[in-house]
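Okay, so here's the structure we're looking at.
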Amino acid sequence: MDDIAVLGGLFAIAFVAATILPSQSEAALVGLLVAGTHSPGLMVAVASLGNVLGTVVNWALGRGVERFRDSKWFPVGPASLDRSTGWYRKWGRWSLLLSWAPIGGDALTVAAGVLREPLWSFVVLVTIAKTARYVVLAAATLGVLA
């Protein structure tokens, strides 16, 4: 498989994993790391970029939450959205450092949009969180943390 297809696939999986559709970007990254056919740094960068851009979709959905809140396809249920916005109100933008978490992370990114977090600070904090997660995952996979 050529490099563009592999990296494009990783980007797409990471993007989708951060949105309303189910996907396992961690499994894809680990599989590619184990295969050893591409630079780990490049793969972490591609997965991070895709995942961060996917969270921007959530942020944008949050900006329009009142229009979408009751839609069946909306990524966050009303109770989860209420909990997340409460958490976000309490801890502020710093809660976005937990956006990497498999449970509640996506809801925080939607809450940031609901509560009108500026896009620039949203992207900075989410990039730190998402990239750190992939760096730790890559280091663990490659035995750097052993």
Side-chain angles (χ1 to χ4, degrees), residues 5-65 68-146:
V6 170
L7 296 174
L10 178 60
F11 176 90
I13 289 168
F15 181 93
V16 169
T19 64
I20 63 174
L21 301 172
S23 180
Q24 292 295 319
S25 61
E26 295 87 355
L29 179 61
V30 167
L32 290 171
L33 289 168
V34 169
T37 57
H38 295 84
S39 159
L42 178 60
M43 288 189 293
V44 165
V46 167
S48 297
L49 178 62
N51 212 242
V52 168
L53 291 176
T55 63
V56 171
V57 170
N58 291 349
W59 177 86
L61 286 171
R63 300 283 292 201
V65 73
F68 304 126
R69 183 180 197 123
D70 296 323
S71 298
K72 290 184 188 233
W73 59 265
F74 193 68
V76 182
S80 181
L81 184 60
D82 290 342
R83 272 192 313 276
S84 297
T85 54
W87 179 270
Y88 197 87
R89 280 190 178 107
K90 180 177 181 179
W91 298 101
R93 66 176 43 130
W94 301 110
S95 64
L96 289 171
L97 293 173
L98 296 174
S99 63
W100 63 268
I103 297 175
D106 290 343
L108 284 171
T109 62
V110 173
V114 169
L115 297 174
R116 304 296 196 239
E117 179 67 35
L119 183 58
W120 72 268
S121 56
F122 173 85
V123 169
V124 167
L125 291 168
V126 168
T127 298
I128 291 167
K130 300 289 190 162
T131 302
R133 175 197 51 194
Y134 286 130
V135 166
V136 168
L137 182 62
T141 299
L142 298 173
V144 175
L145 297 178

Q) Can you check side chain to side chain contact (heavy atoms under 4.5 Å, CB included) on Val46 and Leu42, steps first, answer last? A) CA-CA 6 Å; Val46 167; Leu42 178 60; 4.1 Å; yes
Q: Would you confirm whether Ser23, through its side chain, and Ile13, through its main-chain N or O, come within 3.5 Å as a donor-acceptor pair?
A: yes
Quick one: side chains of residues 134-143, donor-acceptor pairs under 3.5 Å with protein atoms, not counting sequence neighbours, listed by atom name and distance.
residue: Tyr134; atom: OH; partner: Ser25; partner atom: OG; Å: 2.7
residue: Tyr134; atom: OH; partner: Asn51; partner atom: ND2; Å: 3.4
residue: Thr141; atom: OG1; partner: Leu137; partner atom: O; Å: 2.8

Among residues two or more places apart or on two chains, list those pairs meeting salt bridge (Lys or Arg N to Asp or Glu O under 4.0 Å) that have a residue in [range].
| range | answer |
| --- | --- |
| residues 24-43 | Glu26-Arg133 |
| residues 32-58 | none |
| residues 42-62 | none |

Q) What is the minimum heavy-atom distance between Leu125 and Trp94, and which atoms define it? A)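 Of all heavy-atom pairs spanning Leu125 and Trp94, the closest is CD2-CZ3, 3.6 Å.
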Using atom types as modelled, flag every donor-acceptor pair under 3.5 Å from a side chain in residues 108-115 to any protein atom, sequence neighbours excluded.
residue: Thr109; atom: OG1; partner: Asn58; partner atom: ND2; Å: 3.1
residue: Thr109; atom: OG1; partner: Asp106; partner atom: O; Å: 2.6

(Q) I'd like to check Leu10 versus Val6 (side-chain heavy atoms, cut-off strictly below 4.5 Å). Are they in contact? (A) no
Q) Any side-chain heavy atom of Phe122 within less than 4.5 Å of one from Thr55? A)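 Side chain of Phe122 against side chain of Thr55, heavy atoms only: contact under 4.5 Å found.
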(Q) Please enumerate all residues that pass side chain to side chain donor-acceptor pair (under 3.5 Å) together with Thr131, with sequence neighbours excluded. (A)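 Testing Thr131 for side chain to side chain donor-acceptor pair (under 3.5 Å), a comparison that skips the adjacent residues, returns Ser48.
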Q. Sequence neighbours excluded, which residues qualify as side chain to side chain donor-acceptor pair (under 3.5 Å) partners of Ser99?
A. none
Q: List for me each residue that meets side chain to side chain contact (heavy atoms under 4.5 Å, CB included) alongside Val57, sequence neighbours excluded, and say none if there are none.
A: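 Partners of Val57 by the side chain to side chain contact (heavy atoms under 4.5 Å, CB included) criterion, ordered by chain and then number, come out as Phe15, Thr19, Leu61.
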Q. Ser121: what forms a side chain to side chain contact (heavy atoms under 4.5 Å, CB included) with it, not counting sequence neighbours?
A. Arg93, Glu117, Pro118
Q.
Can you tell me if Trp59 has over 12 outside heavy atoms packed within less than 6.0 Å of its CH2?
A.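 Result for CH2/Trp59: enclosed.
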Q | Distance in Å, Lys130 NZ paired with Leu53 CG, rounded so as to fall on 0.5 Å steps | A | 11.5 Å
Q) Which distance, rounded to the nearest 0.5 Å, do you find between the CG of Leu32 and the NE2 of His38? A)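 Leu32 atom CG to His38 atom NE2 measures 7.0 Å (nearest 0.5 Å).
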